[in-house]
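Just below is one structure, and these are the notes that go with it.
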Amino acid sequence: MSPLTLAQRPPFSAADLDIDPAAETQRIVAALREQVRGHLRKRGLVLGLSGGIDSSVCAALAAKAVGSENVLALFMPENDSDPDSLRLGRLVADALHIDSKVEDVGPTLQAMGCYERRDAFIRTIVPEFGPGWGCKIVIANPLQGEGYAVSSLVVQSPDGQAQKHRASAPLYLGMVAATNMKQRTRKQMEYYHADRLNYAVVGTPNRLEYDQGFFVKNGDGAADVKPIAHLYKTQVYRLAEHLGIPEEVRVRPPTTDTWSMAQTQEEFYFSLPYAEMDLCLYGLNNGLPVEEVAAAAGLTGEQVERVWRDIASKRKATRYLHQPPLLVEPVPL
């Protein structure tokens with residue numbers, strides 16, 4: 001924030017998150033180039049390209065940093081993937097002129113029992129669940145006064161009938177454990193190609209995801225470089241426009257693309273749409289008065305305080321995701 005006092009500066013607004021996209025691109029590209037060529041001593045970069053805004057921006061930054069000929073994009077669909085993800089991923093790769101490869105991880109996940117393990121947990125409360133059904137996990141909305149830990153299972157029958165059930169801790173943990181195989185299997189594939197080509201692996205979390213632990217340890221959380229982890233989601237969209245990411249990708253609502261039913265990130269993890277979450281997180285990080293954040297985000301002061309408590313709870317619960325393995329004593333290297 002500006003060194004101006006609260007009385008001197010203008011009211012907090014979305015403009016406080018604005019960036020110079022050209023200057024920020026140049027800064028990230030310079031850092032990424034030094035990290036890859038200088039620190040890591042790798043020839044190029046590999047990343048999973050999902051057709052979402054974060055991976056698309058990371059792909060564009062990677063191409064600028066090491067040259068499009070030294071970037072490999074992987075499309076890694078599985079049995080529950082939205083076909084649009086592959087189509088949009090290819091659109092981005094073609095626009096950036098980077099090499100790409102499809103690695104269907106569905107058969108691998110099937111062989112490991114990912115889907116059957118998940119479905120077995122669901123059948124403990126929905127015995128009829130089976131082929132043709134859809135599912136997803138949704139969280140309680142802290143703005144409505146419910147606790148963050150309250151999660152629900154939503155299933156949809158083949159005839160389109162939806163049911164919502166309170167998810168017990170064993171059900172929630174079991175389903176998440178099974179679906180986390182997806183992120184970890186994809187990361188194995190990224191590192192296979194990275195090892196084969198002597199490339200580094202790009203992680204694609206934005207600041208909201210990195211700050212609040214919205215990633216799987218040793219899954220999508222594993223990477224050699226994470227070029228946009230310092231950027232709020234709003235800022236990622238600003239870079240996307242500057243970098244020429246196709247408009248169809250830029251207007252696509254952020255999704256998890258993990259469950260067989262369509263699901264937004266707000267349903268599964270975040271309290272609010274990304275623009276309002278950015279304002280609340282920025283306000284919390286910079287010690288802004290709750291009233292100013294509320295006015296900027298179109299919320300009440302009480303709602304902002306609930307979002308801040310939710311952020312604090314997620315940070316505490318996911319702190320271990322950021323930690324390296326714990327040792328009995330330091331081991332000099």
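These numbers come from a predicted model, not from an experiment.
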- Note on the structure: So salt bridge (Lys or Arg N to Asp or Glu O under 4.0 Å) across residues 174-183, not counting sequence neighbours, yields E78-K182, D80-K182
- Name all residues meeting the side chain to side chain contact (heavy atoms under 4.5 Å, CB included) criterion together with S50; count only those two or more places apart in sequence or in a different chain, and write none if there are none. S55
- Sort and list the pairs that fulfil salt bridge (Lys or Arg N to Asp or Glu O under 4.0 Å) and have at least one residue in residues 237-248, not counting sequence neighbours. D18-R238, R87-E248
- Test item: side-chain donor near acceptor, R252 and S56, under 3.5 Å: no
- Task: Spell out, as yes or no, whether a donor-acceptor pair under 3.5 Å connects the side chain of S260 to the backbone of C135.
- Result: yes
- Pairwise salt bridge (Lys or Arg N to Asp or Glu O under 4.0 Å) hits with a residue in residues 188-204, at least two apart: K187-E190
- Task: Identify, with sequence neighbours excluded, every residue that meets salt bridge (Lys or Arg N to Asp or Glu O under 4.0 Å) alongside R315.
- Result: D211
- Task: Compare every heavy atom of V290 with every heavy atom of G301, then report the nearest pair and how far apart it is.
- Result: O-CG2, 3.5 Å
- Query: Among side-chain atoms of D159 and S157, is any donor-acceptor pair under 3.5 angstrom?
  - Reply: yes
- Item | Backbone of P83 reached by a side-chain donor or acceptor of S81 within 3.5 Å | no
- Query: Got a sec, which residues hit side chain to side chain contact (heavy atoms under 4.5 Å, CB included) with A294, two or more places apart in sequence or on another chain?
  - Reply: V304
- Do Y232 and Y274 have ring centres separated by under 6.0 Å? no
- Within-4.5 Å side-chain heavy-atom neighbours: V154 and Q156: no
Let me have the donor-acceptor pairs involving side chains of residues 36-46, under 3.5 Å, with sequence neighbours excluded, atom names and distances please.
| unit_1 | atom_1 | unit_2 | atom_2 | d |
| --- | --- | --- | --- | --- |
| R37 | NH2 | R43 | O | 3.0 |
| R37 | NH2 | V66 | O | 3.4 |
| K42 | NZ | N198 | OD1 | 3.3 |
| R43 | NH1 | L197 | O | 2.7 |

- Task: Taking D257 for its side chain and D82 for its backbone only, find out whether a donor-acceptor pair lies under 3.5 Å.
- Result: yes
- Item | For E305, all residues meeting salt bridge (Lys or Arg N to Asp or Glu O under 4.0 Å), sequence neighbours excluded | none
- Item | Donor + acceptor pair across side chains of Y237, D54 (<3.5 Å) | no
- Once you round to the nearest 0.5 Å, how far does CZ of R184 lie from SG of C114? 11.5 Å
Expected list for residues 319-331: side-chain donor-acceptor pairs under 3.5 angstrom, two or more places apart:
| unit_1 | atom_1 | unit_2 | atom_2 | d |
| --- | --- | --- | --- | --- |
| H322 | NE2 | Y210 | O | 2.9 |

- The complete set of side chain to side chain donor-acceptor pair (under 3.5 Å) pairs with one or both residues in residues 103-114, sequence neighbours excluded, reads N79-Q110, E103-H193
- Message: The criterion is side chain to side chain contact (heavy atoms under 4.5 Å, CB included); which residues satisfy it with E69, sequence neighbours excluded?
- Response: none
- Any side-chain heavy atom of L153 sitting closer than 4.5 Å to one from V155? yes
- Query: Is it true that a side-chain atom of E209 and a backbone atom of N206 form a donor plus acceptor pair closer than 3.5 Å?
  - Reply: yes
- Task: Measure from the side-chain N and O atoms of D278 to the backbone N and O of K233, and report whether any donor-acceptor pair falls under 3.5 Å.
- Result: yes
- Item | CG-NZ distance between L96 and K64, expressed to the nearest 0.5 angstrom | 9.5 Å
- Message: Quick check on E116: does its CD atom have over 12 non-hydrogen neighbours (other residues, nucleotides or ligands) under 6.0 Å away?
- Response: yes
- Message: Atom CZ of residue position R166 - does it have more than 12 heavy atoms of other residues, nucleotides or ligands inside 6.0 Å?
- Response: no
- V57 versus L231: any side-chain heavy-atom pair under 4.5 Å? no
- Message: Measuring centre to centre across the rings, with the benzene-like ring taken for any Trp, is F12 within less than 6.0 Å of Y282?
- Response: yes
- Item | Distance (rounded to the nearest 0.5 Å) between K136 NZ and K164 NZ | 9.0 Å
- For D20, enumerate each residue passing the salt bridge (Lys or Arg N to Asp or Glu O under 4.0 Å) test, keeping only those at least two apart in sequence or located in another chain. none
- Task: Report yes if the side chains of C58 and I228 come closer than 4.5 Å at any heavy-atom pair, otherwise no.
- Result: yes
